[in-house]
Amino acid sequence: MSITQSDVAYTAVATAENGRDGRVATHDGSLDVVVNPPKELGGSGAGTNPEQLFAAGYSACFQGALGVVAKNVNADISGSTVTAEVGIGKNDEGFGLIVKISAVIPNVDAATAKELIEKAHEVCPYSKATRGNITVELAV
C-alpha cells in the first residue's frame, strides 16, 4: 500500500551530475561520491556505481526489517549480516535489474532463518518497492 505525503517522516535528497559517469551527493553532504560505470559495462570502474549504491541501501534496509521481524518473535539475530547482490543486464526494454538477498543469522536454525528473511522481505520498504518489478531471490 502506498503512503501519502502526510505520512512521510523523512525524505532523502540526492543530486546526480553527468549520470552514470559523474558524481552524486546528498543535500546534507553526508554522501558525495564519484560514479562511473563498472568495467563490465565499458566504464573505468574508478568510482562507485548506481548498482553498488542500490545494493548498499537495500542490504541496510533489509537488515533493519530483519530486526523488526526478529523482535516480534523474540529471535536472536545478533551477529547477523545481510548481503545484497544487484545485477544489471540487457532486457527487451533496455536494461533491467535482478537482486539476491543473502542473510547469515548465526543464532537461529536454518528453518527459523528462512522464515525470518521471508517475513523481512514482506516488510522491507525496498522489497515492497521492487515487488513485481524485478526478480528478488532470498537465500540463507
Side-chain angles (χ1 to χ4, degrees):
M1 176 167 39
S2 298
I3 65 171
T4 64
Q5 189 61 40
S6 64
D7 297 320
V8 174
Y10 168 76
T11 300
V13 179
T15 301
E17 298 172 3
N18 296 321
R20 297 180 69 88
D21 203 2
R23 85 180 251 281
V24 65
T26 56
H27 77 290
D28 63 2
S30 64
L31 178 72
D32 189 341
V33 295
V34 171
V35 289
N36 298 116
K39 290 180 181 180
E40 296 84 351
L41 295 179
S44 69
T48 189
N49 60 66
E51 292 70 40
Q52 289 173 327
L53 295 170
F54 185 67
Y58 203 160
S59 63
C61 188
F62 200 94
Q63 178 77 43
L66 183 62
V68 169
V69 299
K71 183 177 180 183
N72 289 340
V73 296
N74 294 320
D76 179 7
I77 64 158
S78 59
S80 66
T81 60
V82 172
T83 301
E85 299 174 46
V86 176
I88 183 170
K90 290 188 176 189
N91 65 14
D92 292 342
E93 300 164 356
F95 285 87
L97 299 175
I98 188 168
V99 175
K100 179 179 180 182
I101 300 286
S102 303
V104 175
I105 312 171
N107 297 322
V108 300
D109 60 55
T112 301
K114 184 177 185 325
E115 183 178 324
L116 288 171
I117 67 163
E118 287 172 354
K119 286 181 180 178
H121 188 51
E122 293 301 314
V123 301
C124 173
Y126 275 63
S127 292
K128 288 180 180 182
T130 60
R131 189 166 291 119
N133 298 311
I134 64 173
T135 299
V136 177
E137 176 188 344
L138 304 175
V140 289

query = Under the side-chain contact (heavy atoms from CB on, under 4.5 Å) criterion, do Thr83 and Ser59 qualify, and how do the steps go?
reply = CA-CA 6 Å; Thr83 301; Ser59 63; 5.9 Å; no

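- The hydrophobic cluster containing Leu41 also contains Phe54, counting ILVMFWY residues as joined when their side-chain heavy atoms lie under 4.5 angstrom apart, directly or transitively.
- Here the closest non-hydrogen pair linking Ser102 and Glu85 is OG-OE2, 4.2 Å.
- Two residues are said to be in side-chain contact when any heavy atoms from C-beta on lie closer than 4.5 Å; Lys119 and Asn72 fail this criterion.
- By the 4.5 Å heavy-atom criterion applied to side chains, Val136 and Tyr126 are not counted as neighbours.
- Inter-residue side-chain proximity for Ile88 and Glu40 is flagged as unmet; no heavy-atom pair is nearer than 4.5 Å.
- The shortest heavy-atom contact between Arg20 and Pro37 is O-CD, 3.0 Å.
- Panel note: side chain Asn107, backbone Ser78; a donor-acceptor pair is recorded below 3.5 Å.
- Considering only heavy atoms from C-beta on, Asp32 comes within 4.5 Å of Arg23 through its side chain.
- If you take NE2 on His121 and CD on Glu137, they are separated by 11.0 Å, rounding to the nearest 0.5 Å.
- Side-chain atoms of Asn49 and Val35, non-hydrogen and from C-beta on, never get closer than 4.5 Å to each other.
- Using a 4.5 Å heavy-atom threshold, the side chains of Ile98 and Ile134 count as separate.
- Cluster membership check: Val123 shares its hydrophobic cluster with Ile105, using side-chain heavy-atom separations under 4.5 Å among Ile, Leu, Val, Met, Phe, Trp and Tyr.
- Grouping the Ile, Leu, Val, Met, Phe, Trp and Tyr side chains by contacts below 4.5 angstrom, directly or via other members, places Ile77 with Leu138.
- Phe95 and Val99 fall within the same hydrophobic cluster, where Ile, Leu, Val, Met, Phe, Trp and Tyr residues are linked whenever their side-chain heavy atoms come under 4.5 Å apart, directly or through other members.
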ask   = Would Val69 and Glu122 satisfy side-chain contact (heavy atoms from CB on, under 4.5 Å), going step by step from the backbone distance to the final call?
value = CA-CA 10 Å; Val69 299; Glu122 293 301 314; over 6 Å; no

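- The closest side-chain heavy-atom distance from Val73 to Leu116 is below 4.5 Å.
- A distance of 11.5 Å separates CG in Leu66 from SG in Cys61, rounded to the nearest 0.5 Å.
- Remark: the Thr130 side chain and the Asn133 side chain contain no N/O donor-acceptor pair separated by less than 3.5 Å.
- Minimum interatomic distance between Gln52 and Gly47 (heavy atoms only, all atoms of both residues): OE1-O, 4.2 Å.
- Proximity of Ile117 to Phe62: side-chain heavy atoms (C-beta onward) are separated by under 4.5 Å at one or more points.
- The heavy-atom pair separating Ala14 from Val24 by the smallest distance is CB-CG2, 4.2 Å.
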